[in-house]
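Have a look at the structure below before the remarks.
Heavy atoms only: backbone and side chains are in, while hydrogens, waters and symmetry mates are out. Remember, it's a predicted structure, so these values are computed and weren't measured experimentally.
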Amino acid sequence: MQHKLHQASRPIIDTDPIFSRVVRYFRWSDYAKGVGWVAYGPAFMYFFEKFQPSGTGKKPLIRSMKVATGIGFVQAFLMMYAKSCARFFGYAENAREIRMYREEYRKLKAEGKSMHGTSRLPLSLQRTAAEYSTGAFLNFDVIPIFNFVNHPYHGQSEGVIPEDEK
C-alpha cells in the first residue's frame with residue numbers, strides 16, 4: 001500500500017512519522033512557543049483575579065491556576081507535535097528536518113537497520129495503524145492520534161534520500 005502524496009510547497013519527508021521521531025525533531029522555537037502556551041493560562045487567571053476579584057480567597061485561585069497549567073501543558077504539546085508534523089508533511093520550512101533525516105538514514109543504514117524499524121504486529125494491523133495515523137495531526141482538534149507502530153507504509157518525496165544512498 002503506497003500512500004498517494006499530497007501537494008506540498010516543500011519536500012515531503014514522511015507522511016506517517018513515528019511518535020519518537022516527531023518529538024526528537026522538535027525545534028527550540030517549538031519549545032519557546034510551548035512555554036508561552038503553558039504560561040498563558042495561569043497568567044490569564046491571575047489577570048482576571050487581580051482586576052475583577054472573585055472574593056473567594058487564595059485557595060480556589062491556586063487550584064484554578066494549576067488546572068490552567070495542566071491544560072496549557074496538553075495544549076502546548078499538541079501544538080508542538082502538530083508543528084513538527086507539518087514540517088514532515090512539507091507544509092512548513094523543513095530543511096533542518098531533511099538534514100537530520102538524512103543523517104539518521106545514513107547512521108541506520110551503516111548499522112544495517114531499517115529506517116522505520118521492525119514490528120511484531122501482523123502486516124494487516126500495521127496497515128490499519130498506518131491508515132489511522134497518516135495525516136492524523138490535521139485532526140488534533142477532534143481527537144489526537146499518534147503513530148506508535150513501526151510499519152513500511154510511508155510516503156516520501158523524491159530527493160529526500162539521495163538516489164546514490166538508497
Side-chain angles (χ1 to χ4, degrees), residues 1-38 41 66-166:
M1 174 178 101
Q2 180 65 23
H3 287 288
K4 184 177 179 187
L5 296 180
H6 55 277
Q7 295 295 323
S9 59
R10 293 166 185 86
I12 300 166
I13 300 171
D14 192 349
T15 57
D16 193 19
I18 195 156
F19 181 85
S20 60
R21 183 170 289 134
V22 173
V23 172
R24 278 196 323 264
Y25 285 33
F26 281 174
R27 293 182 177 186
W28 285 108
S29 62
D30 296 338
Y31 287 111
K33 290 174 186 171
V35 167
W37 276 109
V38 172
K66 287 179 182 178
V67 170
T69 302
I71 291 170
F73 270 116
V74 172
Q75 182 180 4
F77 177 76
L78 291 176
M79 183 267 310
M80 291 166 33
Y81 192 90
K83 289 185 77 61
S84 186
C85 281
R87 290 189 286 268
F88 274 97
F89 264 62
Y91 292 152
E93 186 277 317
N94 60 1
R96 174 184 169 267
E97 284 73 16
I98 290 174
R99 188 176 65 251
M100 290 174 67
Y101 193 82
R102 286 178 179 170
E103 289 171 12
E104 187 176 0
Y105 178 82
R106 286 184 196 114
K107 180 183 165 204
L108 290 172
K109 187 177 178 190
E111 295 172 2
K113 296 179 182 175
S114 169
M115 183 64 178
H116 301 294
T118 57
S119 179
R120 297 181 307 198
L121 291 176
L123 206 53
S124 60
L125 286 179
Q126 291 178 29
R127 186 175 312 126
T128 301
E131 288 172 0
Y132 277 113
S133 61
T134 299
F137 82 95
L138 297 170
N139 291 322
F140 269 178
D141 55 336
V142 178
I143 184 168
I145 298 175
F146 305 102
N147 177 21
F148 294 108
V149 178
N150 290 318
H151 58 77
Y153 307 111
H154 298 268
Q156 191 175 75
S157 293
E158 292 294 322
V160 172
I161 302 295
E163 288 298 322
D164 59 334
E165 293 184 15
K166 287 188 177 179

Going through the checks in order, is the side-chain contact (heavy atoms from CB on, under 4.5 Å) test met by Val38 and Phe77? CA-CA 9 Å; Val38 172; Phe77 177 76; over 6 Å; no
Looking at Ala129, is its backbone amide N or carbonyl O close enough to the side chain of Asn147 to form a donor-acceptor pair, meaning the two atoms are under 3.5 Å apart? no
Do Thr128 side-chain atoms and Ser124 backbone N/O form a donor-acceptor pair below 3.5 Å? yes
Mind checking whether [X] and [Y] have side chains closer than 4.5 Å, heavy atoms only?
{"X": "Val149", "Y": "Ser133", "value": "no"}
{"X": "Ser84", "Y": "Val23", "value": "no"}
{"X": "Met80", "Y": "Lys83", "value": "no"}

Salt bridge (charged side-chain N to carboxylate O under 4.0 Å, His left out) involving Glu93 - partner list, sequence neighbours excluded: Arg27
Sequence-distant partners of Glu111, salt bridge (charged side-chain N to carboxylate O under 4.0 Å, His left out), two or more places apart: Lys113
To the nearest 0.5 Å, what is the distance between [atom1] ([X]) and [atom2] ([Y])?
{"X": "Phe89", "Y": "Ile13", "atom1": "CZ", "atom2": "CD1", "result": "11.0 Å"}
{"X": "Tyr25", "Y": "Ile98", "atom1": "OH", "atom2": "CD1", "result": "10.5 Å"}
{"X": "His151", "Y": "Ile18", "atom1": "NE2", "atom2": "CD1", "result": "7.5 Å"}
{"X": "Phe146", "Y": "Asp16", "atom1": "CZ", "atom2": "CG", "result": "12.5 Å"}
{"X": "Tyr101", "Y": "Asp14", "atom1": "OH", "atom2": "CG", "result": "4.5 Å"}
{"X": "Gln126", "Y": "Thr118", "atom1": "CD", "atom2": "OG1", "result": "9.0 Å"}

What closest approach, in Å, do Ala92 and Arg10 show between heavy atoms, and which atom pair accounts for it? O-CD, 3.0 Å
Gly34 to Ala76 - nearest heavy-atom pair and separation: O-CB, 3.4 Å
Got a sec: does the CZ of Phe73 have more than 12 other heavy atoms crowding it under 6.0 Å? no
Validation row, ring centre Phe88 to ring centre Phe137 under 6.0 Å: no
